[in-house]
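To start, the structure itself, in structure tokens.
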Amino acid sequence: PSEEYELSRRRIFSNTRELWYYVNSELQSLVKEGDGVKVEHISKIKDIVGEHYRSLLKDVTSLADVDGHAIWRQQESENLSNLVQKRLKHLQNPSDCAKARKLVCDLNKGCGYGCQLHHVVYCFIVAYATERTLILRSKGWRYSKGGWQDVFLPLSDTCLLPNGETTNRWPGHRNTQVITLPIIDSINPRPPFLPLALPEDLAPRLNVLHGDPVVWWIGQFLKYMLRPQPATSNKLDEYAKKVKFQKPIVGVHIRRTDKVGTEAAFHKLDEYMVHVEQYYKFKELTDKVDKKRVYLATDEPKLFSEAKRKYPEYEIVGDEDISKTASISKRYSDQSLSGIITDIHFLSLSDYLVCTFSSQVCRVAYEIMNSLHPDASTLYTSLDDIYYYGGQKRRLHVAVLPHKANGPHEMNLLVGDEIAVAGNHWDGYSKGTNLRTKESGLYPTFKVSPKIETAPFASYPDVTL
Ligand code: GDP
């Protein structure tokens, strides 16, 4: 398919959703204010519009597959992934480690597992862009004292030591052999290739392939990093058998405890389950669903019994004991590590994700999910943030329709305006800052399209498929 075809198809898909978000939330507020008779009528409209919505979504989804497009997409994503994996392998296994140019990072950023994985991805992106072998120092890791190799394969077969002739802090010089990198929050100067930037040489193909190419890109680094040790693999296989992990299944991640009230708002179980229901109603338009399953991952153990009690028609898959190892007081241990690896693995293997993207746990699961499908950019609902990468420069929208502000909360748009996006309110509107007028406010999401940003990265001309 052409780029034009793919972009139009994806635009129809996302605007079908935006229309639904708008109508649904407006009708919902009418229900809240309305009197008895009207409420009944409005609820009926809501149900029927919901049916229209799912039917439209199903039809436009099929446009991604017909005329050989599914086969093409599968092949193209494999080719691109093989190319990137081969480049990473080449980068990480220099022929002479004593002479190799290196980038050194510490795994032990003072935060949780998801946040630490994102820290390593950031280091790996800088390593890839500057063509330096990434050396990950991980001894004394807060999750497992032996370090990364307790659970995952080392990032290199030939080169794990950080020494060299000359060492300097970032940015150093091209011919400094070893450069040490601070965390993304304090990197200075900021190079242009940090997320959400895509490498110039791959961006045109990724933009045709994928609905949110940067998620695919991040997913490729995780794919390389998270190659499991045999013992880790075995544990995951055994666990799948124990909990009878089967499809269809929706991954639900509910982040509570230390996150709530500090970095995210509290959301009830029901708010997640509305979207799980919606997923299964949609699925039932094309497939027979024998059993509705949920893979539940959470740091709040009580949610397992709540889910089983309130949703008896569902099979709740997962392990309450794992969530008991997730609380802040027990978090940094081998047992908790094995729990979070398991939860992220099975969330990423689910058919659909419902979670809060304010949590790095769910963002990592979503990124890995996107390394397992040609394009999984539509297979989630986040109750709060849109997808972002911690420390990212910005996400851009570009206006494709003009907009006149409807009141003081909204902003004006001219076609071609670029907007730095703050978030989607999931009611038909997004919030952001117009880079031309410097105005901040709400705008209808259907009036914009996503814009991808690119930067020069090392291009590995000698590594080909
Ligand atoms: P964030 O704080 O949610 O953005 O994500 P982080 O990964 O940085 O830190 C949260 C940590 O809490 C995780 O790394 C886990 O150690 C623990 N945790 C949170 N949610 C879960 C969960 O659903 N399952 C398990 N096993 N652990 C969790």
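Numbers here are sequence positions counted from 1. Ligands are counted one by one from 1 in listed order, and the atoms in each one are counted from 1 as well. Nothing here was measured: the structure is a model prediction, and the numbers come from that model.
- In this pair, H118 and Y389 present their aromatic rings perpendicular. The plane angle is above 60°, beyond the 30 to 60° band.
- The residue among R331, R142, Q360, R255 with a heavy atom at the shortest distance from atom 19 (C) of ligand 1 is R255.
- In terms of polar-atom proximity, defined here as any N/O pair under 3.5 Å, D343 does make such a contact with ligand 1.
- The side-chain tip of R227 points at the ring of Y224 from less than 6.0 angstrom away and within 45° of straight on.
- Taking only nitrogen or oxygen atoms, main chain and side chain alike, C115 reaches within less than 3.5 Å of ligand 1.
- The distance from ligand 1 to the heavy atoms of A297 drops below 4.0 Å at these ligand atoms: 23 (O).
- Of the polar atoms of H253, at least one N or O is found under 3.5 Å from an N or O of ligand 1, judged by distance alone.
- Put simply, part of Y143 is less than 4.0 Å from ligand 1, judged by heavy atoms.
- Short contacts between ligand 1 and Y113, defined as distances under 4.0 Å to a heavy atom of the residue, involve ligand atoms 7 (O), 14 (O).
- For W148 and Y143, the ring centers sit 6.0 Å or farther from each other.
- If you number the atoms of ligand 1 from 1 as listed, the ones under 4.0 Å from a heavy atom of G339 come out as 26 (N).
- Checking D201 against Y460 by side-chain atom types alone, no donor-acceptor pair falls below 3.5 Å.
- Relative orientation of the F457 and F193 rings is tilted, given thresholds of 30° and 60° on the angle between their planes.
- Among protein heavy atoms, atom 9 (O) of ligand 1 sits closest to G112 CA, 3.4 Å.
- The atoms of ligand 1 that sit less than 4.0 Å from any heavy atom of I322 are 26 (N).
- Classified by interplanar angle (parallel below 30°, tilted 30° to 60°, perpendicular above 60°), the ring pair F245/F346 is tilted.
- For K241, the NZ atom counts as loosely surrounded, since its 6.0 Å shell holds 12 or fewer non-hydrogen atoms of other residues, nucleotides or ligands.
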